[in-house]
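Written out below as structure tokens is the structure these notes cover.
Only this structure's heavy atoms are used, side chains among them; waters, hydrogens and symmetry mates stay out.
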Amino acid sequence: MELLQHMADDNGGMTVLTQGPLDISSRTRTPEQQQIQADWIADLEPGTVYIEHCNWLNFTRLHTPKPIMINLVRDPVERLISWFYYVRGAYKNAIYYNKHPNAPIQPESWFKKDFNKCVLSDDPECQYVPYSIKDPVGNHKRQSLFFCGHDEVCLPFDSPKAIQIAKRNVELDYAVVGSWEDTNITLTVFEHYIPRFFKGAKATFEKYNKAVTNRNRNNRKPKIHKEVKDIIRRNLTNEYDFYYFCKQRLYKQYLALKIDKEYN
């Protein structure tokens with residue numbers, strides 16, 4: 001998920017938006033769609049926070065002001081497992097079928113599918129093939145795609161070229177890319193690098209952490225065998241390279257703060 005933060009104003013006001021000008025679910029957007037979104041972002045009031053699934057936008061090429069951009073990364077294997085069970089959750093499906101009442105309903109066997117068996121049985125849904133472009137079942141296995149952008153070169157799964165483009169974009173355009181596995185470090189860097197929006201974020205998170213964790217926990221997610229994770233990980237070499245690159249960058253930003261207190 002990409003979070004775009006428009007330039008802050010001076011009076012402390014803040015508006016949070018979770019819906020942009022486009023209602024599309026495709027992995028990439030056309031040049032025309034990118035321009036519509038960039039123009040819409042440019043017109044946001046100062047102090048606006050915009051949060052939505054969207055790949056990196058080249059604001060320079062789109063001739064619009066560049067906002068403050070942040071994002072977070074997650075362990076690639078854990079992302080895949082989480083998505084597998086998330087799309088089978090009651091909450092996710094209730095939203096989907098409310099929005100698409102005429103969509104065909106998946107059979108009971110699909111909802112009860114086990115990830116371990118899915119991988120070990122060579123089920124097409126759980127095969128993560130390097131350089132593949134089309135997927136038998138839609139998923140978000142390309143974490144780097146959110147940072148690479150909308151060009152065709154970004155689509156091949158676990159592509160070294162796409163990873164290098166994603167790294168370059170992170171270095172040039174993202175103020176902070178945090179890590180879901182390093183919450184305290186991430187929030188500390190957010191607080192210091194973007195204080196206008198994140199002052200007090202760590203204390204607020206600690207105060208409400210238990211409630212948020214319980215709300216978002218997927219109780220249907222079973223234990224995934226180490227053997228299964230190892231099988232998947234072998235096909236995610238470059239995605240892990242990008243993941244560790246982002247974590248290393250985050251740690252460097254944290255160390256640059258020279259904070260004496262040690263965070264776990």
Side-chain angles (χ1 to χ4, degrees), residues 1-4 17-44 50-64 66-67 69-74 76 79-89 91-106 110 124-170 173-174 177 235-236 238-239 242-243:
M1 178 178 69
E2 182 165 301
L3 187 154
L4 304 178
L17 301 175
T18 58
Q19 179 63 54
L22 303 168
D23 185 16
I24 57 176
S25 57
S26 59
R27 295 180 298 185
T28 59
R29 303 186 177 187
T30 65
E32 292 77 18
Q33 291 170 336
Q34 294 174 54
Q35 191 67 62
I36 290 171
Q37 187 169 22
D39 290 340
W40 180 82
I41 291 171
D43 288 337
L44 293 176
Y50 168 41
I51 310 169
E52 192 174 20
H53 288 289
C54 177
N55 298 354
W56 171 82
L57 291 169
N58 189 335
F59 290 96
T60 301
R61 188 170 65 189
L62 295 168
H63 306 291
T64 58
K66 186 184 297 184
M69 291 194 287
I70 71 167
N71 211 320
L72 288 96
V73 291
R74 184 179 181 182
R79 285 184 74 255
L80 298 180
I81 297 170
S82 179
W83 174 258
F84 179 87
Y85 287 104
Y86 170 71
V87 294
R88 288 167 167 78
Y91 179 74
K92 168 70 167 60
N93 282 277
I95 294 176
Y96 178 79
Y97 288 113
N98 182 60
K99 188 175 182 180
H100 307 281
N102 296 321
I105 298 177
Q106 294 284 3
W110 182 84
E125 181 179 0
C126 301
Q127 300 305 300
Y128 307 102
V129 182
Y131 297 99
S132 60
I133 295 177
K134 293 185 178 180
D135 302 310
V137 180
N139 55 51
H140 286 290
K141 67 185 182 183
R142 298 165 176 79
Q143 180 165 230
S144 59
L145 182 61
F146 287 109
F147 301 86
C148 183
H150 302 269
D151 294 338
E152 289 186 3
V153 70
C154 298
L155 285 175
F157 175 59
D158 205 51
S159 158
K161 187 170 184 178
I163 297 301
Q164 292 306 314
I165 295 173
K167 286 182 178 180
R168 181 195 65 196
N169 291 340
V170 167
D173 286 342
Y174 285 83
V177 174
N235 287 352
L236 294 166
N238 294 296
E239 284 290 332
F242 176 71
Y243 170 67

Ignoring hydrogens, what is the shortest heavy-atom contact between Asp151 and Arg61? Give both atom names and the distance.
OD1-NH2, 4.1 Å
Cation-pi check for Phe84 against Arg88: NZ or CZ below 6.0 Å from the six-membered ring centre and within 45 degrees of the axis, yes or no?
yes
Check Gly149 against Cys154 and note the closest heavy-atom contact, atom names and distance.
N-SG, 3.7 Å
Pick one: which of Val129, Leu236, Leu80 meets side chain to side chain contact (heavy atoms under 4.5 Å, CB included) with Lys141?
Leu80
For the side chain of Tyr97 and the backbone of Asn102, is there at least one donor-acceptor N/O pair under 3.5 Å apart?
no
Quick one: does Asn169's side chain get under 4.5 Å of Met69's, heavy atoms only?
no
Kindly indicate, with the supporting measurements, whether the criterion side chain to side chain contact (heavy atoms under 4.5 Å, CB included) is fulfilled by Phe242 and Val73.
CA-CA 9 Å; Phe242 176 71; Val73 291; 4.1 Å; yes
Distance (rounded to the nearest 0.5 Å) between Cys148 SG and Trp56 CH2:
8.5 Å
Closest heavy-atom pair and its distance - Glu125, Tyr128
O-OH, 4.1 Å
For the residue pair Asp135 and Arg142, establish whether any side-chain heavy-atom pair is separated by less than 4.5 Å.
yes
So how far is it from Arg79 CZ to Arg74 CZ, rounded to the nearest 0.5 Å?
8.0 Å
Are Phe59 and Ile41 close enough that some pair of their side-chain heavy atoms sits under 4.5 Å apart?
yes
How far apart are the closest heavy atoms of Phe147 and Val177, and which atoms are they?
CE2-CG2, 3.9 Å
Where is the tightest heavy-atom contact between Ala38 and Leu62, given as atom of each residue plus distance?
CB-CD1, 3.6 Å
Heavy-atom neighbours of Glu152 CD exceed 12 at 6.0 Å:
no
Can you classify the ring geometry of Trp40 versus Tyr50 as parallel (below 30°), tilted (30 to 60°) or perpendicular (above 60°)?
perpendicular
Taking all atoms of both residues into account, what is the closest heavy-atom pair of Glu52 and Gln37, and its distance?
OE1-NE2, 4.4 Å
Does some side-chain heavy atom of Leu44 sit less than 4.5 Å from a side-chain heavy atom of Leu17?
yes
As an exercise, state the distance from CD of Gln164 to CG of Asn238, rounded to the nearest 0.5 Å.
8.0 Å
Assess whether side chain to side chain contact (heavy atoms under 4.5 Å, CB included) is satisfied between Arg29 and Asn55, documenting all intermediate values.
CA-CA 8 Å; Arg29 303 186 177 187; Asn55 298 354; over 6 Å; no
Ile163 side, atom CD1; Gln143 side, atom CD - distance, nearest 0.5 Å
9.0 Å
Return the OG1 to CD1 distance between Thr30 and Ile24, rounded to the nearest 0.5 Å.
7.0 Å
The reported gap from NE2 in His150 to CG in Leu155 (rounded to nearest 0.5 angstrom) is 10.5 Å
Should the pair Trp83 and His140 be assigned to parallel (<30°), tilted (30 to 60°) or perpendicular (>60°) ring geometry?
perpendicular
